[in-house]
Enquirer: 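Shown below is the structure under consideration.
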Protein chains: 2
Amino acid sequence: MPSRQVVAKELAEIFKIVANPDRIRLIEELRAGEKDVNTLAQILDLPSPRVSQHLSLMRAHRLVEERRDGRHHYYHLIQPEIAAWIVDGLDFIEGRMSGVPKSSIKAARRLWSASTS
Amino acid sequence: MPSRQVVAKELAEIFKIVANPDRIRLIEELRAGEKDVNTLAQILDLPSPRVSQHLSLMRAHRLVEERRDGRHHYYHLIQPEIAAWIVDGLDFIEGRMSGVPKSSIKAARRLWSASTS
DNA sequence: TTAATACCTGCGAAAACATGCAGATTTGCA
DNA sequence: TGCAAATCTGCATGTTTTCGCAGGTATTAA
């Protein structure tokens with residue numbers, strides 16, 4: 001198989017992992033540093049088994065890493081720059097049929113680009 | 001629904017559209033300008049109905065536009081910058097279990113970043 | 001008008017995903 | 001020891017995507 005095809009396939013994998021609203025929000029929540037499963041579940045208002053499943057998928061694909069401390073499992077992004085890359089994708093969601101007001105997009109961009117320190 | 005959630009959902013849509021090896025290659029082939037369906041099918045070695053289906057999905061989501069000339073349908077990217085954004089994603093495919101040699105990644109990056117003029 | 005080219009649409013089967021929930025595991029603490 | 005908190009795993013179900021193919025529409029040319 002030609003190498004461009006292999007690379008395209010691999011790239012598609014990354015896009016597939018990110019192609020889920022929960023996982024996008026997880027990544028943006030983790031952009032500033034590690035958080036544990038419960039915290040994430042509360043912030044995003046999701047059942048914790050779901051958060052756990054998303055994180056384990058992302059871990060299998062080496063997007064996040066786990067650190068255990070007592071009964072808490074803290075997760076962090078292996079390459080935090082991925083959060084910024086995702087935000088860059090906002091450039092391509094304006095001007096699509098589905099009505100998301102520009103103000104929401106701007107708000108999200110601002111929030112998700114906030115200082116990480 | 002909180003606006004961040006809406007934005008995340010919309011972003012996920014874009015990722016879903018791109019999350020397919022054929023469509024990634026289509027976008028990269030179109031980065032330099034319009035091409036017709038048959039040309040794309042030949043270059044990518046895909047049955048033309050498949051190319052057509054991919055393009056119609058991308059058109060529905062306003063990633064590409066069509067220009068007809070006789071019996072040829074030429075497609076072009078509405079926002080050509082999306083091709084570069086996708087290439088940026090290559091930063092995140094190294095260091096994953098599936099063995100894609102770095103040289104292939106570099107080759108793809110070079111090819112897909114070639115001058116568009 | 002017939003034929004050929006270029007492309008599109010619809011459909012059914014298979015594969016991949018998402019979701020909710022029940023039950024297991026590990027750890028901390030009384 | 002025994003219970004509760006934090007998380008994980010497995011499974012059944014429903015939904016989306018993908019794929020191949022058959023048949024349809026427009027356009028050009030003989």
Side-chain angles (χ1 to χ4, degrees), chain A residues 1 5 8-27 29-30 34-76 97-98, chain B residues 1 5-6 8-27 29-30 34-76 96-98:
Chain A
M1 185 156 52
Q5 217 163 320
K9 198 174 161 193
E10 208 61 24
L11 251 181
E13 288 301 312
I14 283 284
F15 276 91
K16 254 180 234 171
I17 297 164
V18 179
N20 174 286
D22 295 345
R23 289 196 289 268
I24 288 177
R25 291 194 299 150
L26 280 170
I27 292 172
E29 284 305 325
L30 292 176
E34 66 176 16
K35 285 196 173 60
D36 71 337
V37 180
N38 242 329
T39 304
L40 290 166
Q42 278 183 263
I43 294 176
L44 304 184
D45 189 28
L46 294 171
S48 71
R50 187 120 110 248
V51 172
S52 189
Q53 274 172 327
H54 285 312
L55 289 169
S56 109
L57 179 71
M58 293 195 262
R59 193 183 42 196
H61 288 273
R62 305 203 42 70
L63 262 74
V64 297
E65 262 172 357
E66 193 193 22
R67 178 181 71 86
R68 301 194 181 188
D69 182 12
R71 39 188 163 181
H72 296 270
H73 296 206
Y74 293 94
Y75 285 87
H76 64 96
M97 76 262 91
S98 32
Chain B
M1 183 157 52
Q5 218 163 319
V6 177
K9 198 174 160 193
E10 206 62 25
L11 250 182
E13 288 301 313
I14 283 284
F15 277 91
K16 253 181 238 174
I17 297 164
V18 180
N20 175 287
D22 295 346
R23 289 195 290 269
I24 287 177
R25 291 194 300 148
L26 280 170
I27 292 171
E29 285 305 325
L30 292 176
E34 65 176 17
K35 286 197 172 63
D36 72 338
V37 180
N38 242 328
T39 304
L40 290 166
Q42 278 183 265
I43 294 176
L44 303 184
D45 189 28
L46 293 171
S48 73
R50 186 121 110 249
V51 171
S52 190
Q53 274 172 329
H54 285 312
L55 289 170
S56 113
L57 179 70
M58 294 195 261
R59 193 182 42 196
H61 289 272
R62 306 204 38 73
L63 262 73
V64 297
E65 263 172 357
E66 193 194 22
R67 177 181 73 85
R68 301 196 181 188
D69 182 11
R71 42 188 162 181
H72 295 270
H73 297 206
Y74 293 93
Y75 285 87
H76 64 96
R96 300 178 61 232
M97 77 261 88
S98 32

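Each chain gets a letter, A, B and so on, in the order the sequences are listed, and its residues count up from 1. Quick note: numbers below take in every heavy atom, side chains included, and nothing from hydrogens, waters or symmetry partners.
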Enquirer: What is the distance, rounded to the nearest whole Å, between atom CE of B:M58 and atom C1' of D:dT17?
Expert: 15 Å
Enquirer: Closest nucleotide of DNA chain C for A:K16 versus for A:R50: which of these residues is on the 5' side?
Expert: A:K16
Enquirer: Does the A:R25 side chain pair with the main chain of A:L44, one donor and one acceptor, at a distance under 3.5 Å?
Expert: yes
Enquirer: Tell me: CG of B:L26 to P of C:dC7, nearest whole Å?
Expert: 13 Å
Enquirer: Using the side chain to side chain contact (heavy atoms under 4.5 Å, CB included) definition, which of the options A:E34, A:K35, A:R59, A:E29 pairs with A:Y75?
Expert: A:R59
Enquirer: Can a side chain N or O of A:N38 be found less than 4.0 Å away from OP1 or OP2 on D:dA5?
Expert: no
Enquirer: Do the non-hydrogen side-chain atoms of B:R68 and B:R71 ever get within less than 4.5 Å of each other?
Expert: no
Enquirer: For the side chain of B:H73, counting heavy atoms from C-beta on, which of D:dT7, D:dC19, C:dC7 is nearest?
Expert: C:dC7
Enquirer: Which is true for B:Y74 with a 4.0 Å heavy-atom rule: it touches a base, it touches only sugar-phosphate, or it touches nothing?
Expert: nothing
Enquirer: B:I17 has an atom CD1; how far is it from atom C1' of D:dT18, in whole Å?
Expert: 15 Å
Enquirer: Quick one: is C:dC8 close enough that its OP1 or OP2 comes under 4.0 Å of any side-chain N or O from B:Y75?
Expert: yes
Enquirer: Could you check how far CG of B:L40 sits from C1' of C:dC8, rounded to whole Å?
Expert: 15 Å
Enquirer: Between A:N20 and C:dC17, does any side-chain N or O lie under 4.0 Å from OP1 or OP2?
Expert: no
Enquirer: Could you check how far CG of A:L46 sits from C1' of C:dC21, rounded to whole Å?
Expert: 15 Å
Enquirer: Within the structure provided, determine whether B:R23 and B:L63 are in side-chain contact (heavy-atom separation under 4.5 Å).
Expert: no
Enquirer: Measure the distance from CD on B:Q42 to P on C:dT5 and round it to the nearest whole Å.
Expert: 13 Å
Enquirer: Rounded to whole angstroms, how far apart are CG on A:L57 and P on C:dA16?
Expert: 14 Å
Enquirer: What is the nucleic acid contact for B:S48, judged by heavy atoms within less than 4.0 Å: base, sugar-phosphate only, or nothing?
Expert: nothing
Enquirer: Please tell me if the side chains of A:H61 and A:L57 come closer than 4.5 Å, counting only heavy atoms from C-beta onward.
Expert: yes
Enquirer: Testing the basics here: between B:V64 and B:L55, what is the closest heavy-atom pair and its distance to 0.1 Å?
Expert: CG2-O, 3.8 Å
Enquirer: Tell me the closest heavy-atom pair linking B:V18 and B:I24, and the distance in Å.
Expert: O-CG1, 3.2 Å
Enquirer: Nearest to the side chain of A:V37 - D:dC8, C:dC8, D:dG20?
Expert: D:dC8
Enquirer: Which part of the nucleic acid, if any, lies within contact of A:P49, taking any heavy atom under 4.0 Å across all strands shown: a base, the sugar-phosphate backbone alone, or nothing?
Expert: base
Enquirer: Name every residue in residues 63-71 of chain A that has at least one heavy atom under 4.0 Å from any atom of DNA chain D, in order of residue number, or write none if there are no such residues.
Expert: A:E66, A:R71
Enquirer: Exactly one of A:N38, A:T39, A:D36 should register a side-chain hydrogen bond (donor to acceptor under 3.5 Å, both in side chains) with A:H72. Which one does?
Expert: A:D36
Enquirer: Return the nearest nucleotide to the side chain of A:R59; candidates are D:dT9, C:dC17, C:dA6.
Expert: D:dT9
Enquirer: Measure the distance from NE2 on A:H72 to C1' on C:dC29 and round it to the nearest whole Å.
Expert: 13 Å
Enquirer: What nucleotide among D:dT9, D:dT7, C:dC8 has an atom nearest to a side-chain atom of A:D36?
Expert: D:dT7
